[in-house]
Amino acid sequence: MSSKAAEITGRTPSASTSSLSMTKRLAALNILAALSLLVCASLFFLWAVEQEWEEEDRVLLYQKVQVVRDILSNNSVQSEALRNELRWDSLSDISIKFYTRIFDEKGNLLLESPGMADILGRKAFPSPSRSDELPLKVVRLKSPDGRHAYRLLAARAAAGADKQTVILQLGLDISGEVTHTAYHGKIVVILIMSGIVLSSLVGYAITRRGLRPLREVTEAIQRVSPSHLDERINRVRWPEELSALADVFNQSIGGLEDAFGRLSRYASDLAHELRTPINNLMGETEVALSKSRTADEYRQVLESNLEEYGKLSRLTEGLLFLARADNPKTRIEKSLLDASKEIEAIREFYSILAEDRGITVICEGSAQLDADQILFQRAIGNLVGNALQYTPRGGSVTISVRQADDRHVEVSVKDTGIGILSEDLPNIFDRFYRASSGRSQHPEGMGLGLPIVKSIMDLHGGRVHLQSEPGKGTIATLRFPSPA
Amino acid sequence: LQKLLIIDDNELIVNSLVRYYSKRGFSCKGLTNPEKALRLLMEEPFEVVITDIHMSPVNGLEIIRYVRAHWPGTLLIGMSAYCDRDYREHASDLGADYFIEKPFKLDEIDDTLKAHFHRKQVAS
């Protein structure tokens, strides 16, 4: 008992560690979820802002293309108006800053914003589309030092009165946007960092709170010990996910309490059953030794002792049998039996006792069954023995066999005895249990006969059923599975 | 294409106005340096000039005076955060067509421009 208690207490620390790691695991998952959400949202935000910028810049570039085309439609490439327009490229002191280059179809440079050649080479630009239709292809270019960025496009235009085709390369400085984007990036990083901290705290708090019922379960389970098997978990305030666990736990503790109770009753019954024959032996031996006896007297004592030894031997043999039958590894040797022959043999065995007691034993019916012959005889023998014990002179015991249905053979032993009280029936198969009537009428019984019958039926995969009416008799029915 | 010049020492305002009017089909230029603006205006005419008043070293009133003197056809819009009456009167004395108080709604300038171009169309 004490080792069992130690085992239960010994498991406690590991149980609390695993619930803690569950908190951590859930908190980590929470953080991960929050983080991935944050990162996705941030990336989407940055992408959306970039899209917005690109759209805005495209409008500016298209407008500039239109301005230049407009000027060229009325003026030559060398005109004052175009030079004024290009002068703006270098004059602009706001972040909207253009670069313009014009060359003819042969690639001869006609006009270029000051300083443009150093920053934006011709090859960086996309090639101009054949048609004048929008949209035009816009590419993004980053300066090698990474501090400047440009959006570039190329278009065709017709210059002067002779509609000479020229190629227009336009660059828009978007370094301001890059600075902005970097700023947004910093904000996003700060957002994610604080998101990590916040979601860690919140995630941990939520998980701890969410798992509180689990800790309560653990605590409730910890209170259970062999001396506190009556502990039950109150499931009313628990979430439904855990109430099933509470039910299962309560059920198994109930089963344990039951088994534990039976075990301790069994031990005390066993001690009690052993005490009587041993006391008898001791008493008789002591009396015999108190003075010198004749050889005849010693013989009488020894014969009486032999009876007690026989009782002890039957008791231990019965217990041993039950212990073996309880072992799930126990196998029985089944064979095909002619049930009518078997019960006839049993009747034969008990005929002298029956005659002595003035009881008629009748056999009826026939069937084939698949059973261990020795165990079968023992089970029926126990029942017949019991029936003979509790049936008054002039009564009868009927052993009958019948094919109950396709899959079962029933063997029943019916007597016209004193019967069993209904309050005794539920416990009648418990070891050492003896019905009150049996105890008074037949004090030398041990209370192992019916438990052994039940064990034998369990080994055969069958069932035993007892039906009784006090004063009228008892029918014990054994239901065996039919041979396949 | 109508040429439009925006002058304000606040770059954010110039940027957003330039983007806004470029979208609306103007050939739109912007400057934050009023001195540079004045030099440019000496060489190049604009249909519309929108200028802040409170600037240095050259203030918006001088720009208004210069434009009115040299480019009589230009639509001149002054804007200022100072709702000082003197400013407003002074600006209109110097020849500003409209005066807009900051903060303004873009609709205000839009309406002014529409009305101006409508009148011009009718006159021609």
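Quick note: numbers below take in every heavy atom, side chains included, and nothing from hydrogens, waters or symmetry partners.
- For the residue pair B/Y21 and B/D110, a side-chain donor N or O sits within less than 3.5 Å of a side-chain acceptor on the partner.
- With rounding to the nearest 0.5 Å, the separation of CD in B/Q2 from CZ in B/R24 is 15.0 Å.
- Comparing B/E11, B/K29, B/E44 by how many heavy-atom pairs each has under 4.5 Å with chain A, the most go to B/K29.
- A salt bridge links A/R101 with A/E112: at least one charged nitrogen is closer than 4.0 Å to a carboxylate oxygen.
- A salt bridge does not link B/D93 to B/R65: none of the charged side-chain nitrogens sits closer than 4.0 Å to a carboxylate oxygen.
- Of all residues spanning residues 50-57 of chain A, those with a heavy atom less than 4.5 Å away from chain B's heavy atoms are A/W53, A/E56, A/D57, arranged by number.
- For the options B/L12, B/N33, B/L31, heavy-atom pairs under 4.5 Å to chain A are most numerous at B/L31.
- Under the 4.5 Å side-chain criterion, counting only non-hydrogen atoms from C-beta, A/S199 is not in contact with A/N30.
- Residue B/I13 does not touch chain A at all, counting heavy-atom pairs closer than 4.5 Å.
- A salt bridge links A/D145 to A/R147: one of the charged nitrogens lies within less than 4.0 Å of a carboxylate oxygen.
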Would B/T32 and B/D9 count as a side-chain hydrogen bond (donor to acceptor under 3.5 Å, both in side chains) if you check the C-alpha gap in whole Å, the side-chain angles of each, and the deciding distance to 0.1 Å? CA-CA 4 Å; B/T32 59; B/D9 52 5; over 6 Å; no

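- Identified by a heavy-atom distance below 4.5 Å to chain B, the contributing residues of residues 60-78 of chain A are A/L60, A/Q63, A/K64, A/Q66, A/V67, A/D70, in residue-number order.
- Between A/H184 and A/F45, the gap from one ring centroid to the other is short of 6.0 Å.
- Interface residue B/K23: backbone and side-chain heavy atoms are both found under 4.5 Å from chain A.
- Between the side chains of A/S175 and A/H148, at least one donor N or O lies within less than 3.5 Å of an accepting N or O.
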Residue pair B/L75, B/I77: steps toward the side-chain contact (heavy atoms from CB on, under 4.5 Å) verdict: CA-CA 7 Å; B/L75 173 68; B/I77 301 174; 4.1 Å; yes

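- Contact annotation: the side chain of A/L191 never approaches that of A/M193 to less than 4.5 Å [non-hydrogen atoms, C-beta and beyond].
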